[in-house]
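What follows is one structure encoded as structure tokens, with my remarks underneath.
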Amino acid sequence: MAKEKTYICIGCPLGCEVTLTIDKKGGVVGFSGNKCKEGEKYVLEEYTNPVRTLTATVLTEGSSQPLLAVRSNKPILKTKLAQSMAVLAKARAKPPLKMGDIIVPNLLDTGADIVASSDLSS
Amino acid sequence: MKLQDVDVAVIGAGPAGMAAAIKAREAGAEKVILMERAEELGGLLHQCVHNGFGLLYFNEDLSGPEYGHRFIEKVMDTGVTPLLETMVVRLGQDRQIGAVNTREGFITFRPKSIVLAMGCRERSRGALNIPGTRPAGVLTAGTAQRFVNVEGFVPGKKIVILGSGDIGMIMARRLTLEGAQVEAVVEILPYIGGLIRNEVQCLHDFEIPLFLEHTVTRIHGEQRLEAVTIARVDGQRNPVAGTQRVIACDSLLLSVGLIPENELSLMAGIQLDPVTGGALVDETRQTTVPGVFAGGNVLHVHDLVDNVSWESELAGESAARFAAAGKPEARGEIKVKAGRNIRYVVPQTISGRKDTTLYMRVSEPEETVRIKVGNITTKGMRAVKPSEMLKIELSADKLEKLKEGTQEIIVDCEKRGGK
């Protein structure tokens with residue numbers, strides 16, 4: 001039996017609801033609902049490798065600023081977002097830091113680093 | 001510092017003010033001051049820790065602080081003089097500025113030109129008149145954003161968000177990642193108020209329930225918010241009896257629209273557009289008071305910071321030119337009017353002689369349309385939505401099509417014969 005999965009394409013304001021037909025082995029056999037080729041590309045990416053940039057904050061130590069804004073320097077699998085937050089909850093940022101400095105290297109073996117989104121002074 | 005010889009004074013050092021001040025310097029203004037009531041440059045970018053900034057302007061996906069950082073460095077590099085912790089409290093029709101700070105007390109001066117870049121503020125519960133008690137736990141989405149991203153407090157554990165503007169949806173994701181349960185996002189319109197990418201990446205990714213055509217009809221709780229009642233609305237946006245349901249929650253976030261902050265503009269006698277809530281401007285972004293220009297969210301609320309930066313650069317450049325010439329250029333007098341399914345167009349008047357970009361929003365979502373600017377140009381669009389601002393470029397050679405003596409141009413969003 002073929003399975004179906006639906007996605008909303010974010011390529012343009014149209015927001016097509018695209019239905020993906022998937023065969024028993026998980027292979028994609030069809031698209032419907034998209035009004036352009038971009039929609040197929042987006043949905044295929046969302047099906048095979050849905051990634052997001054994680055942005056958050058970490059607590060600081062030794063700064064007058066309680067939090068430091070951070071981000072992943074590469075998108076990571078969206079299924080790893082919650083687990084990543086647990087890692088960030090334990091991390092601490094100590095000044096002085098420059099924007100782009102690594103706070104958590106190789107987050108959960110994704111190959112992405114969590115980096116400072118701004119400078120941090122004491 | 002001598003304030004007697006200021007060329008351009010920019011009021012507000014958020015993304016709009018920084019871009020305007022930098023551009024004014026680059027366009028040759030000698031002394032440019034950037035006045036800001038907060039203790040640092042950057043405005044709200046500091047608390048917008050999410051990404052999606054700069055995709056158009058830098059061709060990079062930056063977080064708010066990263067986007068701000070680039071402009072802050074440029075403010076310093078270009079020799080703009082920031083005047084921090086200084087609040088402008090008076091603005092005269094003659095461009096006289098009155099401001100206060102704790103170092104100099106009350107200061108007044110008259111720059112050669114001014115850029116208004118005060119941004120906007122959020123509509124609050126008072127603007128909606130939601131019935132019920134007045135417990136703690138009802139706050140705007142932007143206030144919650146500051147608590148979570150800057151101060152380090154999560155405002156509650158069970159959250160309802162009224163309004164599906166971008167800040168509301170972004171906070172739904174942020175609060176979920178911080179361990180809160182977002183019970184519902186409630187939107188009175190039949191479609192979301194923000195960008196599609198935020199609906200997908202902030203709501204769908206976390207399976208947050210979205211109630212379209214619903215609103216909050218009552219707030220419950222004595223000391224602390226305990227629940228809200230929501231109900232479906234009819235075509236006139238009135239609640240439908242019998243559709244109420246109660247959702248237990250300890251926080252209600254409001255993401256129900258932004259209002260350009262124009263108290264100073266009104267003080268100076270600047271005419272405002274009743275639809276945008278910002279000044280009436282021509283294509284140089286000059287307001288109805290000569291030598292006073294405006295850009296960014298104080299002029300009309302944008303959805304992308306990139307456009308805020310570009311528009312404010314235009315205001316800054318015009319302000320520098322005015323300061324150098326010491327007299328107004330002929331103001332654009334051709335009215336640009338909103339026609340079919342167009343809510344507003346900025347600028348409201350143009351000269352018809354210079355390259356111009358029209359910024360506009362539609363009133364209702366529509367598919368397969370064409371934006372028609374008088375007899376000058378048309379642009380086909382697959383879909384348009386009120387939440388996504390449209391830009392139409394008019395080059396000077398296209399504007400030559402305008403007949404001598406044209407007094408107004410009407411912009412329409414027309415249906416196209418689709419296939």
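Source: prediction; values computed, not measured. Both backbone and side-chain heavy atoms feed into the values below; hydrogens, waters and symmetry mates do not. Here is the naming used below: chain letters follow the sequence lines, and residue numbers restart at 1 for every chain.
- Interface remark: A:Cys9 contributes backbone atoms only to the contact with chain B (heavy atom separation under 4.5 Å).
- Considering NZ of A:Lys35 and OG1 of B:Thr368, their distance stands at 6.5 Å, rounded to 0.5 Å.
- Note: B:Gln201 leads B:His50, B:Arg197, B:Gln201, B:Glu367 in heavy-atom pairs under 4.5 Å with chain A.
- Counting non-hydrogen atoms of other residues, nucleotides and ligands closer than 6.0 Å to OH of A:Tyr47 gives a total above 12.
- For the atom pair NE2 (B:His204) and NZ (A:Lys78), the distance works out to 10.0 Å, reported to the nearest 0.5 Å.
- Between chain A and the options B:Arg174, B:Arg173, B:Glu178, heavy-atom pairs under 4.5 Å are most frequent for B:Arg174.
- Within 6.0 Å of atom NZ in B:Lys391, more than 12 heavy atoms from other residues, nucleotides or ligands are found, so the atom counts as buried in its surroundings.
- Within a 6.0 Å radius of CG in B:Asn59, other residues, nucleotides and ligands contribute 12 heavy atoms or fewer.
- The parts of B:Arg382 that come within reach of chain A are both its backbone and its side chain, each placing non-hydrogen atoms under 4.5 angstrom from that chain.
- Atom CD of B:Glu85 has more than 12 heavy atoms from other residues, nucleotides or ligands within 6.0 Å.
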**OP:** Evaluate side chain to side chain donor-acceptor pair (under 3.5 Å) for A:Ser117 paired with B:Ser63, printing each intermediate quantity in order.
**Re:** CA-CA 7 Å; A:Ser117 234; B:Ser63 68; 2.5 Å; yes
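- A:Cys16 SG to B:Ile196 CD1: the interatomic distance, rounded to the nearest 0.5 Å, is 8.5 Å.
- Heavy atoms of B:Glu388 lying under 4.5 Å from chain A belong exclusively to its side chain.
- Atom CZ of A:Arg52 sits in a crowded spot, with more than 12 heavy atoms from other residues, nucleotides or ligands closer than 6.0 Å.
- Of the atoms belonging to B:His46, not a single heavy atom falls under 4.5 Å from chain A.
- Of the listed residues (A:Asp119, A:Leu54, A:Leu88), the one with the most heavy-atom contacts under 4.5 Å to chain B is A:Asp119.
- The greatest number of non-hydrogen atom pairs below 4.5 Å with chain B, out of A:Gly15, A:Pro50, A:Ala56, is found for A:Ala56.
- Residues A:Leu81 and B:Phe206 meet the side-chain proximity criterion, which asks for heavy atoms closer than 4.5 Å.
- Rounding to the nearest 0.5 angstrom, the gap separating the CG atom in B:Asp205 from the OG1 atom in A:Thr79 is 10.5 Å.
- Contacts between B:Asn198 and chain A at a heavy-atom distance below 4.5 Å are absent for every atom of the residue.
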Subject >> Verdict with reasoning, A:Thr53 to B:Asp61, per side-chain contact (heavy atoms from CB on, under 4.5 Å) >> reply: CA-CA 9 Å; A:Thr53 296; B:Asp61 188 8; 4.2 Å; yes
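- Remark: B:Leu203 CG to A:Ile8 CD1 distance equals 10.0 Å, nearest 0.5 Å.
- When B:Glu199, B:Glu151, B:His69, B:Lys385 are compared by the number of non-hydrogen pairs under 4.5 Å with chain A, B:His69 comes out ahead.
- Around atom NZ of B:Lys415, more than 12 heavy atoms belonging to other residues, nucleotides or ligands sit under 6.0 Å away.
- For the set B:Val148, B:Val384, B:Val200, B:Leu195, the entry with the most heavy-atom pairs within less than 4.5 Å of chain A is B:Val200.
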